[in-house]
There are 2 protein chains.
Amino acid sequence: MSKSQLTLTPVQTVACCSPLVSAPLSEETAERIAPLLKAIADPVRLRLLSLVAAHDGGEACVCDLNDAFDLSQPTISHHLKVLHESGLLDRSKRGVWVYYRVRGEALSDLAALIGGGL
Amino acid sequence: MSKSQLTLTPVQTVACCSPLVSAPLSEETAERIAPLLKAIADPVRLRLLSLVAAHDGGEACVCDLNDAFDLSQPTISHHLKVLHESGLLDRSKRGVWVYYRVRGEALSDLAALIGGGL
DNA sequence: CCTAGACATAGATGAACATCGATATAGACA
DNA sequence: TGTCTATATCGATGTTCATCTATGTCTAGG
């Protein structure tokens, strides 16, 4: 069993929380949510998310994504890893290619946390 | 005229954008949105936001907020400044005390950017 | 097998950031 | 005017992070 199945991804901790403005966040909750927000608080990762979401079939190959940036391939790979480990992107390997897909539920939960109760 | 009136706060740049997943974000747009997300991507600032929002009358005095953390007064002041300069908190000084208030519209816009179109 | 291509990992480096103690500012009041 | 209290700013410090080059891994084709 892989280690990632034994630990909660950050995104799994969000669905269970009431909106930010409804009640004071506990220290523990805040510490669990912050990494998820950090994951999208980067211009490159924001563009990666929207590129994947807007791509045909809702998924995109890494090879397509690399071409959209003036950054090295390892750098893009690093950012995709951050998004994947946060639970915001699903990853599937088919042959030599790796495809990423946005987890819409994760983004919805995050939006509800920020904007819910307003 | 103060300098802050001549430059757009990060939050002012969000209301005008279509949701993340609807169309690929331009590099410029992503660069403008990221600082706003960075502002809330910190456990202390998340708790500050929710403490202010959940406080009586929707506003809180800095003196109340300082007590809620095991951090120095300058550190809290720094975090409040980040939230204020992002456009997420309104600031009003009354006598010796400074009160902060959540700008609900800013959070709504941000939530729409993340979760809109899902 | 062996090579080529797609993607990930490792290690290094410079920039950004959270935090602190010390100090400044500004208002209330004796 | 002088002092006390509330908040902000300054300068230093350790940590986190984005990025790079070099290298590893895995798969398909010859």
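This one's a predicted model, so the numbers in the text were calculated from it and none came from an experiment. Protein chains get the first letters and strands the later ones, always in sequence-line order, with residue 1 at the start of each. Keep in mind that the numbers below use all heavy atoms, side chains included, and drop hydrogens, waters and symmetry copies.
Hydrophobic cluster membership differs between B/Y99 and B/L80, with clusters built from Ile, Leu, Val, Met, Phe, Trp and Tyr side chains linked at under 4.5 angstrom.
Recorded end-axis angle for the helix from C/dC1-D/dG30 to C/dA30-D/dT1 stands at 10°, based on five pairs per end and rounded to 10 degrees.
Rounding to the nearest 0.5 Å gives a distance of 6.0 Å between CD1 of B/I33 and CG of A/L46.
Side chain of A/S86 to main chain of A/V82: a donor-acceptor pair is present (N/O by atom type, distance under 3.5 Å, no hydrogens or angles). Listed for the A/R91 side chain is no donor-acceptor partner under 3.5 Å among the backbone atoms of A/Y100.
Judged as a side-chain hydrogen bond (donor to acceptor under 3.5 Å, both in side chains), the pairs with a partner in residues 46-61 of chain A (not counting sequence neighbours) are, in order, A/E59-A/R94, A/E59-A/R101.
One atom, CG of B/L89, and another, C1' of D/dT7, lie 15 Å apart when rounded to the nearest Å. We find that NZ of B/K81 is positioned 12 Å from C1' of D/dT7, with the value rounded to whole Å. Atom CG of B/L80 is separated from atom P of D/dA6 by 16 Å (rounded to the nearest Å). In this structure, the NE2 atom of B/H84 is 15 Å from the C1' atom of D/dT9, given to the nearest Å.
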What does nucleotides 18-30 of chain D look like as a protein-contact string, B for base, S for sugar-phosphate only, - for none, at under 4.0 angstrom between heavy atoms?
SBBBB---SSS--
Kindly list each side-chain donor-acceptor pair under 3.5 angstrom involving residues 35-42 of chain A, sequence neighbours excluded, with atom names and distances?
| from | atom 1 | to | atom 2 | distance (Å) |
| --- | --- | --- | --- | --- |
| A/K38 | NZ | B/A41 | O | 3.0 |
| A/D42 | OD1 | A/V44 | N | 2.9 |
| A/D42 | OD1 | A/R45 | N | 3.2 |

Which donor-acceptor pairs under 3.5 Å do side chains of residues 60-74 of chain B form with protein atoms, sequence neighbours excluded?
| from | atom 1 | to | atom 2 | distance (Å) |
| --- | --- | --- | --- | --- |
| B/S72 | OG | B/T75 | N | 3.4 |
| B/S72 | OG | B/T75 | OG1 | 2.9 |

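Where DNA chain C meets chain A (any atom under 4.0 Å from a heavy atom), the bounding nucleotides read 5' to 3' are C/dA6 to C/dT9.
Within the nucleic acid shown, A/Y100 comes within 4.0 Å of sugar-phosphate atoms alone, with no base atom in reach, counting heavy atoms only.
A close approach under 4.0 Å does not occur between any side-chain nitrogen or oxygen of B/Y99 and OP1 or OP2 of D/dA6.
Within the 4.5 Å cutoff, the side chain of B/L49 has heavy atoms near those of the B/L83 side chain. Contact of the A/L88 side chain with the A/H84 side chain is not registered, since no non-hydrogen atoms from C-beta on lie closer than 4.5 Å.
Considering only residues two or more places apart in sequence or on other chains, B/A54 meets the side chain to side chain contact (heavy atoms under 4.5 Å, CB included) condition with A/P24. B/P19 pairs by the side chain to side chain contact (heavy atoms under 4.5 Å, CB included) definition with B/S22, not counting sequence neighbours.
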